[in-house]
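Inspection log for the structure reproduced underneath, given as structure tokens.
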Amino acid sequence: MSGGEILSTLLASEVRGDLLILFHKNPGLIDTVDGIARRIGRTTITVISDLRELLQLGLLKQKRIGASEVVFLDRARDREILESVANHLKTVQIGVAK
Amino acid sequence: MSTPRPKTGSSEFDQLFSSRIAEGGRVKTGIVELDEMLRGGFMPGDAVMLAGSAGTGKTTLALQYLVNGVKRGEPGIYVTFEELPDQIYRDAKNFGWDLRKMEEEDKFRVICTSPSLVLESGDGSLLDDVLRDIQPRRLVIDSLSHLEMFVKRDDMRMEAYRIVRYLKTHGVSSILLWESPQISGGAFSVTDVGLSFLVDCILALKPVEIESSLRKALVILKMRGSDHDKRFREYEITPAGIKIESAFSNYEGIISGSPRKVASEKFMELFRGASEKQKKA
């Protein structure tokens with residue numbers, strides 16, 4: 001996936017943006033989908049598809065703890081993704097008149 | 001002297017062994033006066049309860065203990081059930097502690113989760129990955145009081161015991177914070193669910209009213225296997241963290257929160273007053 005595609009995936013919805021901010025500000029957060037939804041002031045049903053996208057991207061990881069499924073940030077993958085997006089942004093020219 | 005860290009991928013036996021090696025030394029809090037009160041620091045691998053009501057500086061003291069550990073080459077983990085990590089990063093920065101930088105260097109982790117997840121049994125404990133990741137020597141749980149919301153009162157002691165044993169098995173020295181409104185009144189009890197017996201050491205932080213101003217007192221209530229300072233010491237929360245001052249030597253009844261001057265001090269005051277009057281006359 002290119003840097004541009006990753007960026008589009010990350011910013012595809014407002015909820016996804018909220019999730020990104022939550023996990024970047026709190027990289028040590030480990031919680032259930034329910035708990036994560038509550039922490040950004042939303043319901044489980046409204047965050048589930050966005051969480052799935054971030055899991056597929058590899059930014060978040062999932063783990064079973066007893067009877068619960070928890071989600072947390074993959075710090076190493078996060079660094080890779082940030083680097084890839086940063087490299088992409090370097091190539092983007094904004095406001096350049098032809 | 002910092003305690004040796006177990007090597008990556010070491011077995012629990014190795015980790016236990018390394019904690020045994022460290023037994024000769026003490027786990028220094030890095031707060032000089034507190035280490036003196038503890039006769040050098042906490043005992044390695046001990047579970048310490050830090051009890052106090054809101055605003056007494058439990059979080060500050062616990063963070064200071066971890067940050068000073070990192071400075072000594074002992075990685076640390078702060079587990080919070082209450083505040084989100086970004087709030088902890090911000091508050092720590094006010095004391096000059098850059099936790100994010102320590103995290104980037106894999107010397108520190110702030111874990112924010114729900115108490116129910118820590119209590120979940122299963123093959124992979126919530127903390128297993130993080131413990132493998134940075135191999136901490138110190139860990140703080142903020143706070144044990146939150147577990148009360150998720151377990152029956154009768155089970156609280158057993159669940160706390162399980163957590164304490166888990167940390168001891170991994171050779172981690174821990175501080176367990178306990179919100180204790182009880183110790184602001186006349187009666188003094190650290191917990192009312194019998195947790196005091198589970199821990200090796202108890203530090204109590206207590207607000208004290210003296211001459212219409214609020215001051216703070218710290219006392220070591222218990223320390224297994226070691227002598228310790230038995231006096232109530234005054235402390236302050238300064239821009240550099242907790243600073244411990246002298247003992248409340250001229251007061252008694254500190255434990256009640258409303259101390260009074262000891263009789264000899266009252267007598268001395270009367271004597272000074274009388275002699276000043278005499279001088280003026």
Side-chain angles (χ1 to χ4, degrees), chain A residues 10 14-48 50-51 54-55 58-87, chain B residues 63 66 75-93 99-134 136 139-142 146 149-151 159 162-163 166:
Chain A
L10 291 177
E14 200 182 325
V15 172
R16 220 171 287 178
D18 288 348
L19 289 169
L20 277 179
I21 292 169
L22 177 74
F23 279 103
H24 271 142
K25 279 190 166 180
N26 306 287
L29 178 64
I30 304 172
D31 212 342
T32 58
V33 176
D34 217 23
I36 288 164
R38 208 175 307 121
R39 287 178 195 275
I40 56 166
R42 301 193 188 253
T43 58
T44 307
I45 204 137
T46 56
V47 302
I48 199 112
D50 288 292
L51 271 176
L54 296 177
L55 282 163
L59 183 78
L60 301 181
K61 271 172 116 174
Q62 209 167 7
K63 185 186 173 182
R64 178 159 284 279
I65 305 280
S68 307
E69 204 65 57
V70 296
V71 178
F72 55 97
L73 182 78
D74 182 340
R75 291 175 194 244
R77 178 75 181 127
D78 179 49
R79 272 194 287 267
E80 284 172 17
I81 288 173
L82 278 178
E83 208 178 296
S84 170
V85 169
N87 286 337
Chain B
L63 279 172
L66 290 179
I77 297 179
Y78 192 90
V79 180
T80 170
F81 299 139
E82 198 176 280
E83 291 172 82
L84 274 169
D86 63 336
Q87 204 173 330
I88 293 168
Y89 297 134
R90 186 202 61 196
D91 295 348
K93 204 141 199 181
L99 303 184
R100 279 186 184 275
K101 189 166 175 273
M102 291 177 200
E103 284 206 322
E104 279 164 20
E105 292 165 352
D106 281 341
K107 295 172 181 167
F108 192 85
R109 285 282 185 277
V110 182
I111 302 296
C112 173
T113 191
S114 153
S116 60
L117 292 173
V118 172
L119 293 170
E120 289 265 16
S121 316
D123 293 338
S125 157
L126 180 85
L127 296 173
D128 278 353
D129 284 347
V130 200
L131 256 58
R132 253 194 309 270
D133 225 19
I134 70 160
L139 185 141
V140 168
I141 293 185
D142 182 5
H146 280 77
M149 293 190 282
F150 294 85
V151 291
E159 292 298 346
R162 196 153 60 90
I163 291 171
Y166 175 84

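Only a predicted model underlies this, so the values are computations on that prediction, with no experimental measurement involved. Numbers restart at 1 for each chain; the letters A, B, ... are given by sequence-line order, proteins then strands. The basis for the numbers below is simple: all heavy atoms, side chains too, and nothing from hydrogens, waters or symmetry mates.
- In this structure, NZ in Lys25(A) is found 13.5 Å from SG in Cys112(B), a value given to the nearest 0.5 Å.
- Of the possible donor and acceptor atoms, one in the side chain of Arg64(A) sits under 3.5 Å from a partner among the backbone N and O of Ala67(A).
- More than 12 heavy atoms of other shown residues, nucleotides or ligands fall within 6.0 angstrom of atom CD in Glu69(A).
- Interface remark: Tyr89(B) contributes side-chain atoms only to the contact with chain A (heavy atom separation under 4.5 Å).
- For a residue to count as touching a neighbouring chain, one of its non-hydrogen atoms must lie under 4.5 Å from one of that chain's; by this rule Arg39(A) touches chain B with the side chain only.
- Listed options Val79(B), Ile88(B), Ile77(B), Ile111(B) were ranked by heavy-atom pairs under 4.5 angstrom with chain A; first place goes to Ile111(B).
- Using modelled atom types, one finds a donor on one side chain and an acceptor on the other under 3.5 Å when comparing Thr44(A) with Asp34(A).
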